[in-house]
Structure formats: structure tokens, C-alpha cells
Amino acid sequence: MEYRPLGNTGLQVSVIGLGCAQLGSSTVDHAVAIAQRAVALGVNYFDAAHVYDDAEVKLGVALEGLRDRVVLSTKIHALTRDDAWREINLSLERLRTDHVDNLHLHAIQAGEDLEMRLGPGGALKALQRAQEEGLTHHIGCTGHQSAGLIAALERF
């Protein structure tokens, strides 16, 4: 497997990562087999999200004893600091880990969504707290529309 730097994080990740959305629609045994086979093939980047049904639960089972070999990212969809804090802690519990390498605001959009999440009392505050407390090393955002990502970059 080939590995590359993940931006300026200092992390080296496999050029092929495993997006875990579909683990939520599979059986536990199938999801565990997929994730463990990926690790065996050299995949070390796993991308999950709180909103991917129970994918985090299945990934947590699959990565038991392998956590130190992978770069783990998850995403939070909440708008407010308090809701995001609950999601972060639930994700850590579901993933069976005390930290994730990357924690993202999921599917950020320009306009009201961005204002809520990055504004006072917004979800970004929970991600910053998680970083300060060592629950994640890196924070960021994901999106499906460039306007939201550009607005987030300009703002924060």
C-alpha cells in the first residue's frame, strides 16, 4: 500500500481509505470482515460519522486491538455546542476509543447552517473543546457544496 501525508497533520494515510457509511447497512459480521480485511491490505484511514446508522459501533468492534494501526476520522452533524458534545462522546463510546485523529463538522452548508455551527454556542465550540481535552487531534469540516466549504474557510 502507498501512503501519503494527510495535509499538514503529520499523519501518514493510505492512498485508499475506507469510507464507512455502508457499514451501517450491513451485518456486524460483514462490516467487521470488511474493516479487518482493509487493515490486512494496508488501509489505515477510516472515515465514519455519527449519522451513518450504527457504522461507528461496527467499526469499533472491527478495530478492537487495531486502534494504534489506523487513522480514525468521524463526523458530527449537530448544530449546537451541547448537541455536538453529546455526539462526540457517543461517537467515542461507539468507536470504543478514547480519541479520534480527526473530527469534522459534517456536510456544512453556507447560510444559516454555517452561522449556527460556527457562531456563538455552535457545534464548532464542542470540537474545539474536544481538541483541547485530547479527544481529537485535528478538527475540520466536510461538505458537498463548495459554497459552504469556502465560507467556512473564510470564517475560521
Side-chain angles (χ1 to χ4, degrees), residues 1-109 113-114 117-118 122-124 126-131 133-146 148-149 152-153:
M1 179 65 66
E2 187 178 334
Y3 300 89
R4 295 188 182 143
L6 181 62
N8 63 2
T9 64
L11 298 169
Q12 291 288 319
V13 296
S14 51
V15 295
I16 297 173
L18 185 65
C20 297
Q22 295 306 312
L23 297 184
S25 63
S26 65
T27 66
V28 173
D29 289 343
H30 187 69
V32 168
I34 289 170
Q36 290 181 346
R37 178 74 172 140
V39 171
L41 292 171
V43 172
N44 76 340
Y45 185 79
F46 290 82
D47 176 66
H50 179 77
V51 295
Y52 293 168
D53 295 321
D54 64 349
E56 289 178 327
V57 172
K58 294 168 182 167
L59 189 58
V61 171
L63 297 179
E64 194 82 46
L66 300 172
R67 178 65 185 92
D68 62 335
R69 294 177 52 189
V70 301
V71 174
L72 187 55
S73 296
T74 198
K75 299 181 284 298
I76 303 303
H77 202 263
L79 298 176
T80 68
R81 176 188 57 230
D82 293 343
D83 288 344
W85 187 249
R86 280 189 288 278
E87 279 188 30
I88 291 165
N89 284 285
L90 181 58
S91 288
L92 292 171
E93 180 181 318
R94 290 163 41 131
L95 289 163
R96 298 182 180 196
T97 188
D98 63 351
H99 76 284
V100 291
D101 299 288
N102 304 304
L103 185 59
H104 303 278
L105 294 175
H106 187 42
I108 201 158
Q109 298 177 36
D113 178 73
L114 182 79
R117 292 163 101 179
L118 300 188
L124 177 60
L127 272 69
Q128 290 171 314
R129 177 180 172 191
Q131 189 175 34
E133 293 187 15
L135 303 179
T136 188
H137 299 127
H138 309 282
I139 61 174
C141 63
T142 67
H144 302 104
Q145 299 170 352
S146 60
L149 294 169
L153 285 170

**Study point:** 4.5 Å side-chain heavy-atom contact, Thr136 and Asp101
**Key:** no
Revision key, fill the gap. Value for CD (Glu87) from OG1 (Thr74), rounded to nearest 0.5 Å, stands at 9.0 Å
Which atom pairs, donor and acceptor, lie under 3.5 Å between side-chain atoms of residues 76-83 and protein residues at least two apart or in another chain?
{"from": "Thr80", "atom 1": "OG1", "to": "Asp83", "atom 2": "N", "distance (Å)": "3.2"}
{"from": "Thr80", "atom 1": "OG1", "to": "Asp83", "atom 2": "OD2", "distance (Å)": "3.3"}
{"from": "Asp83", "atom 1": "OD1", "to": "Arg86", "atom 2": "NH2", "distance (Å)": "2.3"}

Check your understanding: Rounded to the nearest 0.5 Å, how far does OG of Ser91 lie from CG of Leu135?
Key -> 11.5 Å
Review point. Considering residues at least two apart in sequence or located in another chain, which fulfil the side chain to side chain donor-acceptor pair (under 3.5 Å) criterion with His99?
Key: Arg67
Check your understanding: Are Asn44 and Arg69 close enough that some pair of their side-chain heavy atoms sits under 4.5 Å apart?
Key -> no
Revision key, fill the gap. Here the gap from Leu66 atom CG to Leu59 atom CG, rounded to the nearest 0.5 Å, amounts to 10.0 Å
Check your understanding: Under 6.0 Å from the CD atom of Gln22, do we count more than 12 heavy atoms belonging to anything else shown?
Key -> no
Exercise for review: Report yes if some heavy atom in the side chain of Val57 is under 4.5 Å from a heavy atom in the side chain of Arg94; otherwise report no.
Suggested key: yes
Review point. What distance do Glu133 atom CD and Asp98 atom CG have between them, rounded to the nearest 0.5 Å?
Key: 12.5 Å
Practice item. Measure the CE-CD1 distance between Met1 and Ile16 for me, rounded to the nearest 0.5 Å. Key: 4.5 Å
Check your understanding: Are the side chain of Glu56 and the backbone of Leu95 linked by a donor-acceptor contact shorter than 3.5 Å?
Key -> no
Check your understanding: In terms of side-chain heavy atoms, does Asp47 have a donor or acceptor partner in Ser73 at a distance below 3.5 Å?
Key -> no
Study note, to complete from the structure: For Gly24 and Asp54, the nearest pair of non-hydrogen atoms, with its separation, is O-OD1, 3.3 Å
Review point. Is a side-chain donor or acceptor of Lys75 paired with a backbone partner of Ala48 at a separation under 3.5 angstrom?
Key: yes
Revision key, fill the gap. In terms of heavy-atom contacts, Leu114 and Gly148 come closest through CD1-O, 4.2 Å
Exercise for review: State, with a plain yes or no, whether a side-chain heavy atom of Ile88 is found less than 4.5 Å away from one of Val100.
Suggested key: no
Practice item. Output the distance between atom SG (Cys20) and atom OH (Tyr52), rounded to the nearest 0.5 Å. Key: 8.5 Å
Check your understanding: Looking at side-chain heavy atoms only, is the closest gap between Ser14 and Glu2 below 4.5 Å?
Key -> no
Check your understanding: Minimum heavy-atom separation for His50 to Leu90, with atom names?
Key -> CE1-CD2, 3.3 Å
Check your understanding: Below 4.5 Å, heavy atoms only, C-beta onward: do Leu105 and Leu127 meet side chain to side chain?
Key -> yes
Exercise for review: Flag the pair Leu6 / Asn102 as yes when at least one side-chain heavy-atom distance between them is below 4.5 Å, and no otherwise.
Suggested key: yes
Review point. Ignoring hydrogens and geometry, is there a side-chain-to-backbone donor-acceptor pair from Thr142 to Ala107 under 3.5 Å?
Key: yes
Practice item. Please confirm whether the backbone N or O of Leu23 pairs with a side-chain atom of Lys58, one donor and one acceptor, at under 3.5 Å? Key: yes
Exercise for review: Identify the heavy atoms of Phe46 and Ala38 that sit nearest to each other, and give their distance.
Suggested key: CZ-CB, 4.2 Å
**Study point:** Heavy-atom pair with the smallest gap, counting every atom of Val71 and Gln12
**Key:** CG2-O, 4.2 Å
Revision key, fill the gap. Of all heavy-atom pairs linking Gly143 and Leu149, the shortest is N-CD2, 3.6 Å
Review point. Is the shortest heavy-atom distance from the side chain of Leu11 to the side chain of His137 under 4.5 Å?
Key: no
